[in-house]
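One structure is given below, encoded as structure tokens.
Remember, it's a predicted structure, so these values are computed and weren't measured experimentally.
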Amino acid sequence: MATLEKRSGKYRVIFYFGRERFARSLKTNNQREALASLARLDDNLRRVELGLLTPPDDVDLVSFLLSDGRVQGKPSMAPIRTLGALFKNYFASIPVAALEQTTRDGMEIHVNHLKRILGSHCSIPELEGADLQRYIEQRSRGKGIHGRKLSAATIKKELVTLRTVWNWSFHMGVVKRPYPNRGLLFPKMTEKPPFQTFAEVSRRVDKGGLTPAEEADLWDCVFLTLPDITELLEYVRVKAVQPFIYPMFVFAAHTGARRSEMIRSLLTDLDFQSQSAIIHERKRKKGKLSTRRVPLSPLLIDVLKGWLSHHPGGLYTFSQQLEVERSKKTRTEFGLLTRDESHDHFKRTLANSKWSRLRGWHVLRHSFCSNCAARGVDQRLINAWVGHQSEEMVDRYRHLIPNQQQEAIRSVFA
């Protein structure tokens, strides 16, 4: 039920819809007019509850209720009043190719949480920093993965999505005020551990006493030494079911390429004469599709040449046969591997082996960076080979492998 409040000589109406609190000035100091508006709003709230009146997502709820439902959704690029309309307008207006599909998928997950807690009908003109702080507090009590509380990093990403959408809408003129994020406080974050060798992580996990979350954190920070890489690649060469899998593992281990970059790799990107390959990037330069050049190791060149002599066809470097034995998926043309397909091949190939606890393709990227850094390769070269990396990530793999640490300390205290 709605109530009236008088502030600065004017009446305002206050009510709750779902779990959201709404307040709006009626712009009158006449009590009779205010009571009439209150009665109209109460009646329309009942009609909404009975299903006789349905507010659109892109309408200002208070205006809709005070006008008996006559205020409808506004056309695209008109001033936006609600959170639901803000997100709807953003995703409908930006070009499809402006965002990577993985980025779009992640943003939509964030949007669902924002609408669930703040509400689709949350008023943009009245959304303040206190509302965002309340969002942070509520989300910080939520459950994360492996039995943990939701991390502050995840909450920050969700509010970055809101900020991105809000700022774009502000510059487009459909939101009339800046994003109100000044002074927000987040729970403290736990720094990720430095990368550790496969042997180190295995010993710590095998000792027991770790929670699922602690164990997962350890496997997330594993990297493979050069002997590990050699052993892993030999295992994959023998066990791989599909012929493209072994070349893809070698490519990842010897270039530090991301899974998505390998999936996009074209046959024309390989240049055996110059012993290099072009990597197609999507995120390093904002608003641009960029590339970088990586050197090819002798082993990788030999493996790729062997693979290309049996390549099934199509434009892409790593491609499946059109007909795959025991596969339920039918292909009519050679196209991109999907993220799920490439991850499934990774896990299936390493299943029932000592390597089965590796989380995914990214471990080979971390391993490439760590081994290059341990061998004293100039950081500028590493960055050029693997693309943009944050300083935090560089710090995590810029370390010595354990046997090098022992040699270093013995050289000091010989």
(message) Which heavy atom of M248 sits nearest to which heavy atom of S342, and what is that distance?
(response) CE-CB, 4.2 Å
(message) Filter on salt bridge (charged side-chain N to carboxylate O under 4.0 Å, His left out), then keep only pairs touching residues 235-249, sequence neighbours left out; what's left?
(response) E234-R237
(request) Could I get the full list of salt bridge (charged side-chain N to carboxylate O under 4.0 Å, His left out) partners for R134, not counting sequence neighbours? (result) D131
(message) Set out, in order, the CA-CA distance, both residues' side-chain angles and the distance that settles side chain to side chain contact (heavy atoms under 4.5 Å, CB included) for L308 and L270, then state yes or no.
(response) CA-CA 11 Å; L308 295 185; L270 306 177; 4.2 Å; yes
(request) Report yes if some heavy atom in the side chain of F87 is under 4.5 Å from a heavy atom in the side chain of M107; otherwise report no. (result) no
(message) Within the structure provided, determine whether N89 and W168 are in side-chain contact (heavy-atom separation under 4.5 Å).
(response) yes
(request) List the atom of L38, the atom of A2, and the distance in Å for their closest heavy-atom pair. (result) CD1-CB, 3.4 Å
(request) Determine whether the aromatic ring centres of W166 and Y90 lie less than 6.0 Å apart. (result) no
(request) Return the set of residues passing side-chain hydrogen bond (donor to acceptor under 3.5 Å, both in side chains) with Q101 (not counting sequence neighbours), or none when no residue passes. (result) D105
(request) Working to the nearest 0.5 Å, report the span between CZ of F186 and CD1 of I136. (result) 3.5 Å
(message) Distance check, rounded to the nearest 0.5 Å: W361 atom CH2 versus R258 atom CZ?
(response) 15.5 Å
(message) Is any side-chain heavy atom of L218 closer than 4.5 Å to one of V222?
(response) no
(request) Using side-chain contact (heavy atoms from CB on, under 4.5 Å) as the criterion, list what pairs up with R357, not counting sequence neighbours. (result) S202, V205, D206, W219
(request) With sequence neighbours excluded, tell me which residues meet salt bridge (charged side-chain N to carboxylate O under 4.0 Å, His left out) with E137. (result) none
(message) Would you call the rings of F22 and F15 parallel, tilted or perpendicular, taking 30° and 60° as the class edges?
(response) parallel
(message) Using modelled atom types and a 3.5 Å cut-off, is there a donor and acceptor pairing between side-chain atoms of N371 and backbone atoms of L224?
(response) yes
(message) Measuring only between side-chain heavy atoms, which start at C-beta, is D269 closer than 4.5 Å to T317?
(response) no
(message) Restricting to side-chain contact (heavy atoms from CB on, under 4.5 Å), what partner residues turn up for P295, sequence neighbours left out?
(response) W385
(message) Using 0.5 Å steps for rounding, measure from the CD1 atom of I263 to the OG1 atom of T338.
(response) 7.0 Å
(request) Please report the shortest heavy-atom distance between I382 and A373, naming the atom on each side. (result) CD1-N, 3.7 Å
(request) Indicate, with yes or no, if the rings of F249 and F346 have centres closer together than 6.0 Å. (result) yes
(message) Could you measure the distance from the CD atom of Q133 to the CG atom of L185? Nearest 0.5 Å is fine.
(response) 5.0 Å
(request) Taking the side chain as every heavy atom from C-beta outward, state whether L162 and L86 have any pair of such atoms under 4.5 Å apart. (result) yes
(message) Any side-chain to backbone donor/acceptor pair from R264 onto H280? Under 3.5 Å, distance only.
(response) yes
(request) Determine the minimum heavy-atom distance between G209 and E214, stating which atoms define it. (result) O-OE1, 4.2 Å
(message) If we count only N and O atoms by modelled type, under 3.5 Å, do the side chains of N44 and R47 hold a donor and an acceptor together?
(response) yes
(request) Output yes when a side-chain donor or acceptor of H311 lies under 3.5 Å from a complementary backbone atom of S319, and no otherwise. (result) no
(request) Return the orientation label for the F244 and H345 ring planes: parallel under 30°, perpendicular over 60°, tilted otherwise. (result) perpendicular
(message) Check whether R365 reaches the backbone of V386 with its side chain - one donor and one acceptor, N or O, closer than 3.5 Å.
(response) yes
(message) Could you tell me if the side chain of V111 sits less than 4.5 Å from the side chain of V165, heavy atoms only?
(response) no
(message) Is the shortest side-chain heavy-atom distance between N181 and L159 below 4.5 Å?
(response) no
(request) Check side-chain contact (heavy atoms from CB on, under 4.5 Å) between P243 and all other residues, then give those that pass, not counting sequence neighbours. (result) W307
(request) Apply salt bridge (charged side-chain N to carboxylate O under 4.0 Å, His left out) to E49 and list each qualifying residue two or more places apart in sequence or on a separate chain. (result) none
(message) Ignoring hydrogens, what is the shortest heavy-atom contact between F223 and S370? Give both atom names and the distance.
(response) CD1-CB, 3.5 Å
(message) Could you check whether any side-chain heavy atom of L132 comes within less than 4.5 Å of a side-chain heavy atom of L118, counting everything from C-beta outward?
(response) yes
(request) Mark yes or no for whether T82, through its side chain, and C122, through its backbone, hold a donor-acceptor pair below 3.5 Å. (result) no
(message) Counting only heavy atoms from other residues, nucleotides and ligands, does the tally under 6.0 Å from CZ of R177 exceed 12?
(response) yes
(message) Main chain of N383, side chain of R292: is a donor-acceptor contact present, judged purely on distance under 3.5 Å?
(response) no
(request) Kindly compute the distance separating CD1 (I117) from CG (N112), expressed to the nearest 0.5 Å. (result) 11.5 Å
(message) Given 3.5 Å as the limit, does a donor-acceptor pair link the side chain of S265 with the main chain of E261, or not?
(response) no
(request) Give the intermediate values and the outcome of side chain to side chain contact (heavy atoms under 4.5 Å, CB included) for residues L300 and F251. (result) CA-CA 6 Å; L300 180 53; F251 195 94; 4.1 Å; yes
(request) Quick one: pull up NZ in K10 and OG in S25 and give me the separation to the nearest 0.5 Å. (result) 7.5 Å
(request) Assess whether atom NZ of K354 is packed by more than 12 heavy atoms of other residues, nucleotides or ligands within 6.0 Å. (result) yes
(request) Tell me whether the guanidinium CZ or amine NZ of K305 lies under 6.0 angstrom from the six-membered ring centre of F272 and within 45° of its axis. (result) yes
(request) May I have all residue pairs that pass salt bridge (charged side-chain N to carboxylate O under 4.0 Å, His left out) and include part of residues 152-171, sequence neighbours excluded? (result) R139-E158
(request) State whether the side chain of K149 and the backbone N or O of G142 hold a donor-acceptor pair below 3.5 Å, judged by distance alone. (result) no
(request) List the steps and the verdict of side chain to side chain contact (heavy atoms under 4.5 Å, CB included) for N167 and V175. (result) CA-CA 8 Å; N167 288 344; V175 167; over 6 Å; no
(message) According to side-chain hydrogen bond (donor to acceptor under 3.5 Å, both in side chains), who are the partners of S274, at least two apart in sequence or on a separate chain?
(response) D271, S276
(message) Please determine whether side chain to side chain contact (heavy atoms under 4.5 Å, CB included) holds for the pair I94 and R104, giving the CA-CA distance in whole Å, both sets of side-chain angles, and the decisive distance to 0.1 Å.
(response) CA-CA 11 Å; I94 61 171; R104 193 182 186 102; 4.1 Å; yes
(request) Have a look at Y246 and tell me which of T349, V238, V236 forms a side chain to side chain contact (heavy atoms under 4.5 Å, CB included) with it. (result) V236
(request) Report the residues that fulfil salt bridge (charged side-chain N to carboxylate O under 4.0 Å, His left out) with R359, sequence neighbours left out, ordered by chain and then residue number. (result) D220
(request) Say whether, by atom type as modelled, one donor and one acceptor occur between the side chain of S367 and the main chain of V363 under 3.5 angstrom. (result) yes
(message) Restricting to side-chain contact (heavy atoms from CB on, under 4.5 Å), what partner residues turn up for R348, sequence neighbours left out?
(response) D344
(message) How close do S356 and K347 get, counting heavy atoms only, and between which atoms?
(response) O-NZ, 3.3 Å
